[in-house]
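Taking it in order: structure first as structure tokens, then the write-up.
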Amino acid sequence: MSTDSSTDEKTKVSHFIRNIVIADLSSGKHQSIKTRFPPEPNGYLHIGHAKAICLNFELAREFSGLTNLRFDDTNPAKEEEVYARAIEADIRWLGYQWDELCHASDYFERFYDYAVELITAGKAYVEELSADEMREYRGTLTEAGRPSPWRERPQEESLDLFARMRTGEFPDGAYVLRAKIDMASPNIKMRDPAIYRIRNIPHQRTGDAWHIYPMYDFAHCISDAIEGITHSLCTLEFEDHRPLYDWVLDNISIAAHPQQIEFARLNLDYTVMSKRRLKLLVDEGLVDGWDDPRMPTLAAMRRRGYPPQAIRNFAELIGVTKSESIIPLGVLENEVRNELNQTAPRAMGVLDPLKIVLLNFPEGETEWLEAARHPQDESMGKRKVPITREIYIERGDFMEEPVRKYFRLKPGGEVRLRNAFIIKFVELMKDENGEIVEIRCELDPQTRSGMPESNRRVKGTIHWVSAEHGVAAEVRLYDRLFNVENPLADKQRDFQEFINPDCLSKAQAIVEPSVFAGGENFQFERVGYFCFDSKDSTADKPVLNRTVSLRDSWAKRGQ
RNA sequence: UGGGACGUGGCCAAGUUGGUUAAGGCACGGGGUUUUGAUCCCCGCAUUCGCAGGUUCAAGUCCUGCCGUCCCAGCCA
């Protein structure tokens, strides 16, 4: 295995946005670049956001630029500070540090001034049609809209009304400020879009200073310009907004004009990826919270044990394009395995214990064996593993009537105990129901790891834990949250109906004591990668999350 | 039936100003190593770039037409 751990220095995948940046830098359009990640603090970040975060931060890093974190907090009805804090934590966990921490609300006064500029120039007016009426006047996809009766309202009148809207003189919905563009535009976004609305509610950060709040299309482009953003990256659904983005900047007295570039958002199969729907799962109690390890949120992935490096590698791997695609969940899981395979120390844990008695092992004694923490990386050192007369193996590692090519323990057969020695089946004991309760074996003392005879080959190697030294732990096994590739495909049914009933199962495991002294992630050999649950695990009652299983070509063959 | 965008192997995705044999990853198949049926290592895997015409000595790359998919009619972002 390569000792080069600089996975950050992986060859960058070429993509169109990077090419634009390269061109802008070499043409002299920009001396340096600046990007931004602009979340609305109304929910938790998910893996889709991670794609955008990685894109913005990595692009800036690659070209020695900067990235701002900007909260797009222009709608106080939906936003909360707790979300902002969680978002900051998630971005840091992913491994990024923003240059400036900004808020659209920091610019409210400037937005207002620019709006006044627009009105003064006859390019915006105060509307008093209701929302319903505005919709009627807007026309349809195939029919042009009609001008509002208030479209030619004198500027002085609009100015006066707008000022009074600000101070809270009018109820919500009474007026709205509209940009005067083109009611007949084939692009509906350009049919005199609203740029300010009245909301008589306090804002998380500005308190009751304002009674009007700017709309996204007005605030976003100006925020970008104020911050000196050079490349404003967003998702495909904003393509229709770009002419408006450009219109606003072209019609106010601001020099900077960032370039909006759209790319396809990430879609993963067997999951949903919208804050609204994830919030629904949380609110309806279908999951235990935003950080429930089954969720596609970054908080959930952190809790489940996903290394941030795996997510960064994944983001790089999937590329950046304008074509919409659905990435198999397995691709993400592979990146998690790849990362953990290199970094996670090994241990043994039995999820479904079956007792084995080693007949020729002295009763009451413990032998401490030495085992590598990692089979390929000696720098991780060794650990001591205790073995006793009674041990547990995985119930699935014994078959009374073995199928063809079954390499594990079977009547009359031999297997190697990982890191220990070869044992030979002697007899099995069943209870009154016919269930196997114990298997008796004999160990071959010449095959102890490290001894000359230890290289003797047997087909199978299985993991085990000393009955006396093993520690009981609750293990939580996760599977995909939904049991259909696209939970939203069936318009007749709610996506909640497709939740996989087996997405969470629990087991009482017996695990090797060394895991309690180790780091965050470890591998139970032959089983999967695990970590302690950050919320529910205690010293008395350890709780382990299975981050991801190991690849299993044997199980796959059985399917 | 308006406008915007996309369409390269099962899934992603590179493809310089058109110039030979269409990167790479995942998945899949086969083989090797292995005290994890893990990892790792080999090998294989698109005569073809949504379709149909056209321009050219030469087209995935240019032109025309067609087909398919996605987005837009919030005082959400």
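Below, chain A is the first sequence line, B the second, and so on; all start at residue 1.
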Nearest-Å distance once atom [atom1] is located in both [N] and [M]:
N	M	atom1	value
B/C6	B/A38	P	42 Å
B/U69	B/U8	P	15 Å
B/U20	B/A59	P	10 Å
B/G74	B/U16	C1'	44 Å
B/C49	B/C62	P	15 Å
B/C12	B/A27	C1'	11 Å
B/U61	B/G18	P	11 Å
B/G24	B/C43	P	11 Å

Which is more 5' along RNA chain B, the nucleotide nearest A/Ser325 or the one nearest A/Val527? Just name the residue.
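Nearer the 5' end of the strand: A/Ser325.
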Contact nearer the 5' end of RNA chain B, comparing A/Arg551 with A/Phe16:
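Residue closer to the 5' terminus by nearest nucleotide: A/Phe16.
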Send over the distance from [X] [atom1] to [N] [atom2], rounded to a whole Å.
X	N	atom1	atom2	result
A/Ile387	B/U35	CD1	P	18 Å
A/Met348	B/U35	CE	C1'	11 Å
A/Gln523	B/U35	CD	P	16 Å
A/Arg457	B/G37	CZ	P	12 Å
A/Asp377	B/U34	CG	P	20 Å
A/Lys459	B/U36	NZ	P	13 Å

Within the distance-only criterion (no hydrogens, no angle test), does the side chain of [X] pair as donor or acceptor with the backbone N or O of [Y] below 3.5 angstrom?
X	Y	value
A/Glu227	A/Ile229	no
A/Arg448	A/Leu369	no
A/Thr297	A/Trp290	yes
A/Asn68	A/Arg36	no
A/Arg383	A/Arg346	yes
A/Arg265	A/Gly48	no
A/Arg395	A/Asp352	no

Atom pair CD1 (A/Ile391) and CD1 (A/Ile462), whose distance is rounded to the nearest 0.5 Å:
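Between A/Ile391 CD1 and A/Ile462 CD1, I get 7.0 Å after rounding to 0.5 Å.
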How is [X] classified with respect to the nucleic acid when contacts are heavy atoms under 4.0 Å: base, sugar-phosphate, or nothing?
X	result
A/Ile422	nothing
A/Ala420	base
A/Tyr406	base

Per [X] side chain, nearest of listed nucleotides [options]:
X	options	answer
A/Asp552	B/U35, B/G37, B/A38	B/G37
A/Lys405	B/G25, B/G37, B/C70	B/G37
A/Thr142	B/U39, B/G2, B/G37	B/G2
A/Trp554	B/U39, B/C6, B/G37	B/G37
A/Glu324	B/G37, B/G25, B/C70	B/C70

Determine: side-chain N/O of [X] to OP1/OP2 of [N], distance under 4.0 Å, yes or no.
X	N	value
A/Arg526	B/G37	yes
A/Thr447	B/U35	no
A/Arg448	B/U35	no
A/Asn334	B/A27	yes
A/Ser553	B/A38	yes
A/Lys556	B/C28	yes

Per-nucleotide protein contact along nucleotides 72-77 of chain B, 5' to 3', at a 4.0 Å heavy-atom cut-off (B base, S sugar-phosphate only, - neither), is BBSBBB
Tell me whether the rings of A/Phe530 and A/Phe522 are parallel (<30°), tilted (30 to 60°) or perpendicular (>60°).
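Answer is parallel, since the angle falls under 30°.
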What class does the angle between the rings of A/His203 and A/Tyr213 fall in, given that below 30° is parallel, 30 to 60° is tilted and above 60° is perpendicular?
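Geometry flag for A/Tyr213 against A/His203: parallel rings.
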Cationic tip of A/Arg166 within the cone over A/Trp210's six-membered ring, i.e. under 6.0 Å and within 45° of the normal?
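Geometry flag: set, cation within 6.0 Å and 45°.
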Contacts under 3.5 Å, N or O only, protein and nucleotides 15-17 of chain B:
from	atom 1	to	atom 2	distance (Å)
B/G15	OP1	A/Ser14	OG	2.5

Stem segments of RNA chain B by first residue number [Watson-Crick or G-U, under 3.5 Å, at least 3]
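So the stems come out as B:2-7 with B:67-72, B:10-12 with B:24-26, B:28-32 with B:40-44, B:50-54 with B:62-66.
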Glycosidic conformation of B/G30, syn or anti, with 90° from 0 as the boundary?
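Anti, angle beyond 90° from zero.
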Would you call A/Glu58-A/Arg312 a salt bridge at under 4.0 Å N-O?
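Looking at A/Glu58 and A/Arg312, the cut-off is not met.
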So for atom CZ, which belongs to A/Arg205, do other residues, nucleotides or ligands contribute more than 12 heavy atoms lying within a distance under 6.0 Å?
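Yes, because the 6.0 Å sphere around CZ of A/Arg205 holds more than 12 heavy atoms from other groups.
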Is there a side-chain contact (heavy atoms from CB on, under 4.5 Å) between A/Thr461 and A/Arg526? Walk through the geometry before answering.
CA-CA 9 Å; A/Thr461 298; A/Arg526 305 208 311 128; 5.5 Å; no
